[in-house]
Amino acid sequence: MLKDRITGSKALMRALQAEGVKTIFGYPGGSIMPVYDALFDYTRGEKKCFDHILVRHEQGATHAAEGYARVSGEVGVALVTSGPGVTNTLTGIADAMLDSTPIVVIAGQVPISALGTDAFQEVDLVGVAQPISKWSYQIRHAEDVSWAVSRAFYIARTGRPGPVVLDFAKNAQVEEIDYNPQKVNFIRSYVPYPKLDADAVRQAAELINHAKKPLALVGQGVELGNAQNELKAFLEKADIPAGRTMLGLSALPSNHPLNVGMLGMHGNYAVNMKEQECDVLIAIGMRFSDRVTGNLKTYAKQAKIIHLDIDHSEIDKNVKTDVAVIADCKESLPAITALLDRNNHQEWRDSFKPLDEQERVKVIEPAIHPKEGPLLMGEVVHAVAEQAPDDAVLVTDVGQNQLFATRYFKYHHKRSICTSGGLGTMGYGMPAAIGATFGAPDRTVCCFMGDGGFQMCIEELGTIMEQKAPVKMIVMNNHYLGNVRQWQDMFWMRRKSFTKMMNPNYAHIAQGYGIPYQAVTDRKDLTAAIGKMLSTKGPYILECAILEEDNVLPMTPPGMDIDKMMLEI
């Protein structure tokens, strides 16, 4: 009987194929060259099973893998070389860890015979990546490839998702083995789906049934658990108003009658104020970030706290919980819903309306329908949202563009937002949007960026050019690092220390990459320009000249009580 003898690099191809991988974002180099040689045969001809997207920077590979994972629900894959190649991915790995995004980063490494000798482009990747990943592992021998890859994908996609790093020694890439496929679906000591505690479910239902002013806080865990329908059934049965974290915005449609807005420092006024008035607060798949809670010493002290989360480490980490339901929300939400009374909290929900009206008059209308002056970020986002298809995906960079975009975009479908939450990574937007176009090829991808974030990963315009990736890029140009400038104005005596930016001619840059471009300086031209962008096949850059001192409101100043929101400066 003939043996199926192949190299470790070809074993990697088969292992990735077994995991259902279709798209790889990568950048070749010396220590990963055997893998790229094997990849050659798997990206063309009859044997083709992968699309390889050549990014222009390894950080771009990880963010593209994140964007792919966010919209598709699959594991994103990045493939890079050792040394500077893999250290360039660390920002994306940390970003994925904080935002629970399932990606697998596979990096080349020097041969094991050279480890510890300070060989060319040698970095202790496992040691560096361990604190910012779910699992990091060094493949030292070809016979370990199938097992390591299967384990990596199992860990990345199960439980609370996250990044996994595989350090692939060069000798293991070229060694020949008798290929033996392996499938990992159990790891002793790793319990991705905790057993649902029936007593905790009963206690949670009892608190909700007796609540007069319940409030749900919906996080990305609902999206990660594919529990959007279970969430709606839960909220509707007990008539519970729901606020959403930034990463959880598309877990509940914008137009749902129980949606009361976005939580947090720049969220909606009413829901933030009511967190300090509710009697039962139900946190679902969210981690009580400091940007949501404000001052923890005063946060929701009047309320009983119910926390639904799959990760035990999040319970009582920031906010003391009265009832913890530790399980996948796909399982815990229906279990609680079954025990709920049909309720009516109309009076409680109506109490949000006067606060909503205050915000509408003082903040929203002036932001999206200004009567004069330069363009504002809010009106640009609102105008795009008005014309974009209902299933459009919002991708943002970080800064004021992110805060305005998440506030004023509209969410009708699940998995409709890609943004850097926990790490706040400038430069995330463009490569994440590229990944999103491959993860959801039938959806329109709108990427909002400031002039600062646009330039941080501007090299990925080369990837967009080569792939003809249909990213609709809206560059909101105010010639400032806007968010830092706003804080300098508010809290640092208007001392604008190095936030003013001299920017390049974006028309020339777009021309160099062969990407259609238009600039808008007058609001009378905005609607038509957006229509042209959305109707143009392929990528597009729309540059909007924004009021330099446009400010994001409402705002809870850092460290302040969450109900000390400012509606004006």
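Nearest heavy-atom pair across Ala216 and Ile284 is CB-CD1, 4.3 Å. The nearest pair of heavy atoms linking Lys134 to Thr158 is NZ-O, 3.0 Å. Taking each heavy atom of Phe352 and Val271 in turn, the nearest pair found is CE2-CA, 4.1 Å. Residues Ile208 and Ala238 approach most closely at CG2-CB, 4.2 Å, considering heavy atoms.
Look at Lys353 and Glu357 and you find no salt bridge, because none of the NZ, NE, NH1 or NH2 atoms lies under 4.0 Å from a carboxylate O. In summary, Arg415 and Glu223 do not engage in a salt bridge, as defined by a charged side-chain N under 4.0 Å from a carboxylate O. A salt bridge between Glu236 and Arg342 is absent, with no side-chain N of the basic residue lying under 4.0 Å from a carboxylate O of the acidic one. Between Glu206 and Lys304 there is no salt bridge, since none of the side-chain N atoms of the basic residue sits less than 4.0 Å from a carboxylate O of the acidic one. Checked for salt-bridge contact, Arg160 and Glu314 meet the test: a charged N lies under 4.0 Å from a carboxylate O. A salt bridge links Arg485 and Asp489; the closest N-O separation between the charged side-chain nitrogens and carboxylate oxygens is under 4.0 Å. A salt bridge is defined here as a Lys NZ or Arg NE, NH1 or NH2 lying under 4.0 Å from an Asp or Glu carboxylate O, and Asp99 with Arg70 meets this definition. Ion pairing between a basic and an acidic side chain is recognised when a charged N comes within 4.0 Å of a carboxylate O; Arg407 and Glu359 show such pairing.
In this structure, Tyr408 and Phe404 have parallel ring planes: the angle between them is below the 30° cut-off, well short of the 60° mark.
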